[in-house]
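For reference, the structure I am asking about is given below.
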Amino acid sequence: MSIEPAPALSLRGLTKRFGQTLAVAGVDLDIPAGSFFGVVGPNGAGKTTTLSMATGLLRPDAGTVAVLGVDLWAAPETAKPLLGVLPDGLHTFDRLTGAELISYAGRLRGLDREVVRERRDDLLAALDLEDAGGTLVMDYSAGMTKKVGLACALVHAPRVLVLDEPFEAVDPVSAGAIRRILQAFVQTGGTVVLSSHVMALVERLCDHVAVVGAGRILDSGTLAEVRGATGDLEGRFVELVGDVRDQRDLTWLRLS
Amino acid sequence: MVAAVVGIRLRTAWHLARREWWRALVAGLGVLWALTMAPWLVWGQDALARQGGAVRADLLVGAVALITVGWAVLPLVLSGLDDTLDASRFRALGVSARAIMPGLTVAAFLTLPAVFFALALAVLGMSWRSSGAAVLAVALAGLALAYGCLVMGARVSAAWASRVLSSRRAKLATFAALAFGLAVVAPVAFVLFRDGLSAVIETDVDLLLERMAATPLGAGAAAPAYAAAGDWWGAAWRIALQGTWLALLHAVWRVNVAHQLVSPWGRGGGAHRRHDRVLDPARMHVRPRDPATAAVHARLLRAWTGDPRYLASLAGVLLLPATFFVLVMPVFDLDRRWSYLVPLVLAATIGWGRHNDVAFDSTALWLDVVSGRIGQAVMRGRLAATASWSLPLLVAVAVATVAWTGAWVDAPGLLGACVGVLGVSLGVAALSAVLMPYRAPAPGASPFGSEVGAVGAGLLAQLVSSVVLLAIVPFVVVPFVLSLTVAPVWGWVACAMGAALGIGGYAGGVRAAGAVYDRRAGRLLAAVG
């Protein structure tokens with residue numbers, strides 16, 4: 001009898017309320033180790049809140065998170081080193097240069113000075129940031145900030161990568177480089193969890209998908225399972241979350 | 001457009017008050033305080049009305065000048081200015097400075113302090129009613145223009161200070177401003193120390209008020225005295241001077257608004273650095289060995305030398321001790337040994353000033369939070385960065401103070417007390433920064449900006465950390481006071497006890513704050529974001 005490996009991320013009854021708003025309403029989700037997992041959902045569905053709770057950035061009101069079987073909120077010193085995180089829409093320490101920011105992330109993880117130096121240079125080269133390594137992050141474009149954020153998530157060689165909108169504002173060439181890095185990461189046994197609004201991207205990269213709506217998991221499984229009979233992720237997504245209710249005619253746009 | 005812009009200002013205030021109840025409470029307390037001041041204002045008006053015209057004008061000129069300087073300086077060092085209508089928020093709307101300026105101008109007068117001062121100056125201006133309707137009209141016009149100047153002056157000083165601090169020459173500009181401030185107050189202090197307060201009041205204050213009455217600081221308030229004496233020409237040109245100054249301030253503010261509409265804040269100007277100072281820090285006397293502590297230390301040192309928000313607080317901590325030395329000591333003709341308060345107050349203000357330290361990271365804090373259970377390392381690195389510049393500064397100021405008094409026997413006690421106060425206050429501040437963080441200006445935003453009602457935003461944190469410090473600091477300072485009043489041998493006790501308490505307070509603060517940081521890691525981000 002073979003023993004099932006622990007899921008890369010296991011969320012149980014995860015709940016978060018902001019005032020009157022129930023942002024996440026008891027999410028249960030297992031993300032298999034070694035999978036390329038896409039989390040999709042409309043704006044305000046609770047994706048970022050769920051991922052924040054799953055990575056230790058936001059304490060849940062209820063529920064548990066386990067990273068490769070380790071309880072994140074009970075044993076963060078064991079669970080957090082397993083995770084690499086790229087949040088969306090948060091500041092970075094932008095008075096550091098790109099190179100310094102990667103070094104900072106590496107040193108925070110307790111890595112040796114020389115190991116950090118080597119990995120920093122590798123990551124700057126792989127993400128096409130070599131020339132911008134000495135520039136302050138505050139002078140970076142949105143795409144460059146995303147790339148240096150990804151480098152920070154990778155520098156300590158985590159086992160599970162949780163990336164919130166990693167391709168947003170990134171140019172096609174850099175997106176290709178990021179895709180290759182992530183695919184190689186999964187091929188060597190790592191797990192990638194990414195959230196995105198771009199269905200084509202999720203279909204192209206991910207082997208598992210969860211659809212989130214109104215703070216709940218509406219469907220999850222392999223890409224084929226979620227697509228179902230429609231065979232089209234976008235169609236299934238609209239079917240699950242519903243289309244725009246008021247499809248108003250904006251002809252005045254063409255008349256002005 | 002005016003109605004639209006003012007509408008945004010009022011609606012934002014309303015929404016914020018509904019979302020966070022304490023804002024309404026703070027505003028309510030502000031209004032209550034203003035109402036309690038009303039009888040005093042009426043009493044003041046009555047007292048002014050009973051004075052002769054010249055004395056009344058002198059008192060009003062002094063008051064208006066003081067208030068004007070306060071309005072220009074306080075937002076820079078203490079409260080910040082409401083930035084609901086920060087011009088950069090209009091950038092994406094494609095509006096011109098010309099279109100939004102009228103609305104911004106009206107909105108600048110619609111803050112609680114602005115409304116209070118308008119009423120206060122109007123009440124005090126009515127003290128001229130006994131001199132006839134024409135003089136009263138001149139008085140009200142002059143005070144209205146002076147009032148306009150103080151509100152505009154605050155906008156201009158905050159806007160231009162932010163602009164200078166966010167430039168590449170921020171560090172140079174900060175120290176140039178400090179040097180300029182010192183150059184301005186040094187002669188005043190020299191004269192006060194040389195002649196004493198009473199002599200200065202007899203000879204210099206009259207002269208000073210007369211001079212101020214011919215400058216934008218007091219021209220408007222002085223005008224009715226000239227009108228009452230029949231010198232209508234003297235009154236007219238003073239009103240004209242005050243009006244021109246108001247127009248000039250408005251124009252300067254407008255230039256800044258126009259600049260903000262097309263220039264993003266807080267860019268690094270393409271600065272390029274060859275060295276990775278996180279991996280290879282510059283040689284320092286403090287060099288933490290633990291990788292995470294060293295990284296946080298290196299990052300904070302970079303902030304202390306380049307981030308406008310830190311540079312602004314650096315300049316701010318010097319205000320209280322400098323004021324004490326330059327104004328309070330000579331004015332009250334204190335014994336030279338009172339100057340020992342300067343390094344002691346400096347130590348306390350440096351420490352107290354860090355009571356919201358963690359919030360300065362804003363949401364960039366996520367990188368520290370996801371990196372493990374490293375609260376101890378984070379707090380150790382943060383405090384070490386502050387200590388690495390503040391300790392040498394304090395020692396230098398303490399030695400300079402002792403050199404000034406010439407009583408070298410007091411040196412060990414003073415040094416010990418300073419180290420004690422700094423260590424304890426940094427420890428208390430570290431704990432406050434993780435227990436009661438409140439929103440600080442975000443990275444890249446104006447260091448002098450604040451949200452509606454933000455004067456009260458950190459009220460609880462500020463109050464609690466002040467009370468705790470006031471309760472602890474006297475114990476640290478007692479042996480030093482005994483060395484001055486009972487026997488010099490207490491100085492050595494103060495030295496040993498100060499060092500022990502300072503190190504204990506610092507280490508205890510780091511340890512406790514680190515533990516709280518880890519426990520609250522999942523809430524800190526929401527608290528400061």
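None of these values were measured; they are calculated from a predicted model.
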B/F360 six-ring face occupied by B/R354 cation (under 6.0 Å, within 45°):
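Yes - B/R354 lies over the ring of B/F360, closer than 6.0 Å to its centre and within 45° of its axis.
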Measure the spacing between OG1 of A/T50 and CZ of A/R216 and express it to the nearest 0.5 Å.
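Answer rounded to 0.5 Å: 11.5 Å.
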Examine whether an atom of B/R274 lies under 4.5 Å from a heavy atom of chain A, and if so say whether it belongs to the side chain, the backbone or both; otherwise answer neither.
neither
Quick check for you: among A/L96, A/L58, A/L57, A/T78, which has the greatest number of heavy-atom pairs under 4.5 Å with chain B?
A/L57
Is A/R117 paired with B/D280 through a side-chain N to carboxylate O contact shorter than 4.0 Å?
yes
salt_bridge(B/D307, B/R299) N-O dist < 4.0 Å:
no
A/K16 bridged to A/D61 by N-O distance under 4.0 Å
yes
Chain A heavy atoms under 4.5 Å from B/V296: which part of the residue, side chain, backbone, both or neither?
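The answer is both parts of B/V296.
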Does the distance from a Lys or Arg side-chain N to an Asp or Glu carboxylate O, for B/R302 and A/E100, drop under 4.0 Å?
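Here B/R302 pairs with A/E100 in a salt bridge, since their nearest N and O are under 4.0 Å apart.
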Count the heavy-atom pairs under 4.5 Å between each of A/E77, A/R59, A/H91 and chain B, then report the option with the highest count.
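That would be A/H91.
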Which bit of B/D368 is near chain A, if near means a heavy-atom gap under 4.5 Å: side chain, backbone, both or neither?
both
Checking B/I374 against chain A: side chain, backbone, both or neither under 4.5 Å from a heavy atom?
side chain
To the nearest 0.5 Å, tell me how far B/L367 CG sits from B/D361 CG.
10.0 Å
Is B/A303 in contact with chain A via its backbone, its side chain, both, or neither, using a 4.5 Å heavy-atom distance?
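Contact with chain A involves no heavy atom of B/A303 at all.
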Any sub-3.5 Å donor-acceptor pair from A/T188's side-chain atoms to A/F185's backbone N or O?
yes
Main-chain N/O of A/A74 paired with A/D71 side-chain donor or acceptor, under 3.5 Å:
yes
Those residues of residues 81-90 of chain A, ordered by number, that approach chain B below 4.5 Å (heavy atom to heavy atom)
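Heavy-atom contacts from residues 81-90 of chain A to chain B are A/V85, A/P87, A/L90.
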Out of A/M53, A/R120, A/H156, return the one with the most heavy atom pairs under 4.5 angstrom to chain B.
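Option with the greatest count: A/R120.
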Would you name the heavy atoms of B/A385 and B/L300 that are closest together and state the gap between them?
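Where B/A385 meets B/L300 most closely, the heavy atoms are CB-CB, 3.4 Å.
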